[in-house]
**Q** 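Please read through the structure below; I'll follow up with questions.
Residue numbers run from 1 in the order of the sequence given. All values reported here derive from a predicted model rather than from experimental measurement.
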Amino acid sequence: MEISSEQVLAALRNVEDPDFKKDLVTLNMIKDLTIEDKKISFTLELTTPACPMKDMLRNACLNAIKYFVAQDADIHINITSRVTKPADTSQLADIKNIILVSSGKGGVGKSTVASNLAVTLAADGAKVGLIDADIYGPSVPTMFGLVGAKPSARETAEGKTLILPIEKYGIKLLSLGFFADPDQPVPWRGPMASNAIKQLFNDADWGELDYLIVDLPPGTGDIHITITQSFPIAGAVIVTTPQQVALADTRKGLAMFKMPSINIPVLGVIENMAYFTPEELPDNKYYIFGRDGGKALATAFEVPFLGEIPIVQGITEGGDSGTPIALNKESKTAAAFAEIAGKIAQQVSINNASPVNC
């Protein structure tokens with residue numbers, strides 16, 4: 001019996017994307033369907049390369065075709081992605097999604113989280129940029145082994161000079177640390193700092209990006225307001241540690257994004273330094289700063305809890321040596337960052353969905 005494309009598509013209408021609550025055919029995720037005797041080939045186009053459900057969706061497609069069409073079908077599925085973007089990205093048209101990594105508290109590991117999320121998304125195949133917006137304490141040059149590096153520039157046909165981000169590990173990077181002496185303080189008032197941050201967005205040659213990660217400074221000050229009111233933001237990720245002294249400040253940082261004058265979607269909460277795991281005892285967990293503080297914060301504000309990052313020696317060593325731990329695919333910490341990055345990308349795709357393109 002000859003297999004038709006109508007039969008295959010009818011079978012795939014039984015596979016629903018759990019995020020968008022519609023079947024893959026209606027969502028226009030099935031591309032390039034070809035059939036030759038019993039051989040069926042098609043592309044499954046996801047909304048992010050970091051989709052945490054790609055294996056589940058692949059298996060669901062296989063099972064649907066074998067059940068509804070032919071048990072002996074030879075099925076080949078190519079998985080690709082087309083990252084979606086919010087409706088309004090006109091100001092930075094080539095950057096699809098700007099994701100803020102924030103906390104009202106200093107010292108909770110925002111730069112570590114931002115760097116490793118960027119590395120993870122890039123390793124999945126996304127086009128990623130990272131802005132270090134912590135103007136008074138930039139950490140990205142150290143975390144990527146770029147202390148002393150200086151970006152170059154190019155001039156456009158219109159005579160405008162654009163900064164060329166430095167590329168490493170597949171990520172385009174800019175930090176005010178690239179333009180200042182690392183041993184000198186930056187005694188800038190609010191307007192000067194805000195203008196400098198705007199330049200990192202507007203006067204840089206970012207090219208096409210799926211995700212631009214922004215590592216924000218502590219607090220809820222000028223830099224936060226400048227970025228949230230000047231650029232289209234896909235969402236904010238909140239980083240905290242478990243203890244109450246951190247949560248008290250982080251709560252204010254999260255609440256800032258929910259203010260009517262800012263109104264930025266909160267993609268979720270990450271609990272960093274959640275527990276200590278000795279390298280020689282990788283299955284042991286010691287909750288030295290308390291337990292479930294980040295989870296409680298997420299519950300209180302009704303936002304997703306994205307996951308826990310442990311305290312391990314490799315995170316410190318990776319940050320100091322310029323090799324973020326997410327590069328080590330064998331580590332459990334890299335797996336934790338991969339899971340969290342997938343949830344963030346998933347939440348961005350859900351927020352970007354619309355009746356026209358969903």
Side-chain angles (χ1 to χ4, degrees), residues 12 15-20 22 24 27-33 41-62 76-86 89 92-101 113-131 144 165 167-173 206-214 233-235 237 265 267-268 270 304 306-307 324-331 333-354 357-358:
L12 293 175
V15 181
E16 182 181 273
D17 186 295
D19 290 329
F20 303 126
K22 294 181 181 179
L24 301 184
L27 292 170
N28 199 28
M29 290 182 172
I30 306 300
K31 309 284 187 180
D32 306 324
L33 173 62
S41 302
F42 62 90
T43 295
L44 173 60
E45 186 181 74
L46 304 174
T47 57
T48 172
C51 177
M53 298 180 297
K54 63 177 69 174
D55 291 334
M56 182 274 287
L57 290 173
R58 178 200 290 272
N59 291 333
C61 290
L62 292 172
H76 298 266
I77 303 175
N78 176 42
I79 295 183
T80 63
S81 64
R82 178 177 57 85
V83 177
T84 60
K85 61 182 180 179
T89 56
L92 297 168
D94 291 334
I95 300 174
K96 292 182 178 179
N97 299 287
I98 301 173
I99 300 173
L100 309 180
V101 178
V113 169
S115 298
N116 282 283
L117 288 178
V119 166
T120 302
L121 290 168
D124 282 331
K127 298 174 183 176
V128 182
L130 174 60
I131 286 181
F144 283 84
E167 295 193 36
K168 193 165 186 180
Y169 307 132
I171 304 163
K172 294 182 178 180
L173 304 160
W206 288 107
E208 293 185 4
L209 295 179
D210 296 319
Y211 305 103
L212 177 59
I213 310 295
V214 183
I233 308 299
V237 175
L267 303 174
I270 299 172
L306 298 171
I325 196 169
L327 293 167
N328 179 9
K329 296 302 182 184
E330 303 301 318
S331 75
T333 305
F337 276 116
E339 181 178 354
I340 290 171
K343 290 179 180 178
I344 292 171
Q346 181 182 32
Q347 195 61 46
V348 168
S349 295
I350 293 170
N351 291 351
N352 290 346
S354 69
N357 179 26
C358 60

**Q** Are Asp19 and Ser349 packed together at the side-chain level, in the sense that at least one heavy-atom pair is separated by less than 4.5 angstrom?
**A** no
**Q** Ignoring hydrogens and angles, tell me if any N or O in the side chain of Lys31 forms a donor-acceptor pair with the backbone of Glu45 under 3.5 Å.
**A**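 No, Lys31 side chain to Glu45 backbone: no donor-acceptor pair under 3.5 Å.
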**Q** Under the 3.5 angstrom rule, does the side chain of Lys54 hit a backbone N or O of Pro49 as a donor-acceptor pair?
**A** yes
**Q** Between CG of Leu44 and CD1 of Ile79, what distance do you get to the nearest 0.5 Å?
**A**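 Result: 5.0 Å between the selected atoms.
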**Q** State, to 0.1 Å, how close Phe337 and Ile325 come at their nearest heavy-atom pair, and which atoms those are.
**A**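 Here Phe337 and Ile325 meet closest at CE1-CG2, 4.1 Å.
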**Q** Just how far is it from atom OG1 of Thr47 to atom CG of Asn352, taken to the nearest 0.5 Å?
**A**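 So the gap between those two atoms works out to 8.5 Å.
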**Q** Could you tell me which non-hydrogen atom of Ile233 sits nearest to which non-hydrogen atom of Ile98, and how far apart they are?
**A**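 Smallest heavy-atom distance, with atoms named: CG2-O, 3.5 Å.
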**Q** Within a strict 4.5 Å, meaning less than it, do heavy atoms of the Pro265 and Gln347 side chains meet?
**A**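 No, side chains not in contact.
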**Q** Please find the pair of heavy atoms, one from Lys96 and one from Val83, that lie closest to each other, and give the distance.
**A**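 Here Lys96 and Val83 meet closest at NZ-O, 3.0 Å.
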**Q** Treating Lys172 as the side-chain partner and Pro165 as the backbone partner, does any N or O pair qualify as donor plus acceptor under 3.5 Å?
**A** no
**Q** With rounding to the nearest 0.5 angstrom, report the NZ to CD1 distance, Lys343 to Ile270.
**A**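 The distance works out to 10.0 Å.
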**Q** Sorted by first residue and then second, give each salt bridge (charged side-chain N to carboxylate O under 4.0 Å, His left out) pair with at least one member in residues 113-128; sequence neighbours left out.
**A** Lys127-Glu208
**Q** Taking the side chain as every heavy atom from C-beta outward, state whether Phe42 and Asn78 have any pair of such atoms under 4.5 Å apart.
**A** no
**Q** On a heavy-atom basis, which atom in Ala338 and which in Thr120 lie closest, and how many Å separate them?
**A**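 Heavy-atom minimum between the residues: CA-CG2, 3.5 Å.
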**Q** Would you say the side chain of Val119 lies within less than 4.5 Å of the side chain of Phe144, judging by non-hydrogen atoms?
**A** yes
**Q** Side chains of Ile213 and Leu121, heavy atoms from C-beta outward: is any pair under 4.5 Å?
**A**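 With C-beta onward as the side chain, the pair touches.
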**Q** Any side-chain heavy-atom pair from Tyr211 and Leu117 closer than 4.5 angstrom?
**A** no
**Q** Whether the side chain of Asn97 engages the backbone of Thr84 through a donor-acceptor N/O pair (distance < 3.5 Å, no angle test) should be reported.
**A**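 Between the backbone of Thr84 and the side chain of Asn97 there is a qualifying donor-acceptor contact (under 3.5 Å).
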**Q** Which value, rounded to the nearest 0.5 Å, describes the distance between Leu100 atom CG and Leu212 atom CG?
**A**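 Between Leu100 CG and Leu212 CG, I get 9.0 Å after rounding to 0.5 Å.
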**Q** Side chain of Thr48, backbone of Ala50: donor and acceptor closer than 3.5 Å?
**A** yes
**Q** At what distance, to the nearest 0.5 angstrom, does CG of Leu46 lie from OG1 of Thr80?
**A**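 One gets 7.0 Å once the value is rounded to the nearest 0.5 Å.
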**Q** Calculate, to the nearest 0.5 Å, the distance between atoms CG and SG belonging to Asp17 and Cys51 respectively.
**A** 7.0 Å
**Q** If I compare all heavy atoms of Glu16 with all of Leu57, which pair ends up nearest, and what's the gap?
**A**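 In terms of heavy atoms, the two residues are closest at O-CD2, 4.2 Å.
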**Q** Mind listing the closest non-hydrogen atom pair of Pro324 and Tyr169 along with its distance?
**A** CD-CE1, 3.7 Å
**Q** Sub-3.5 Å donor-acceptor pair from the side chain of Asn116 to the main-chain atoms of Ala334, do we have one?
**A** no
**Q** With a 4.5 Å heavy-atom cut-off, do Val101 and Val214 have their side chains touching?
**A**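 No, too far: nothing below the 4.5 Å cut-off.
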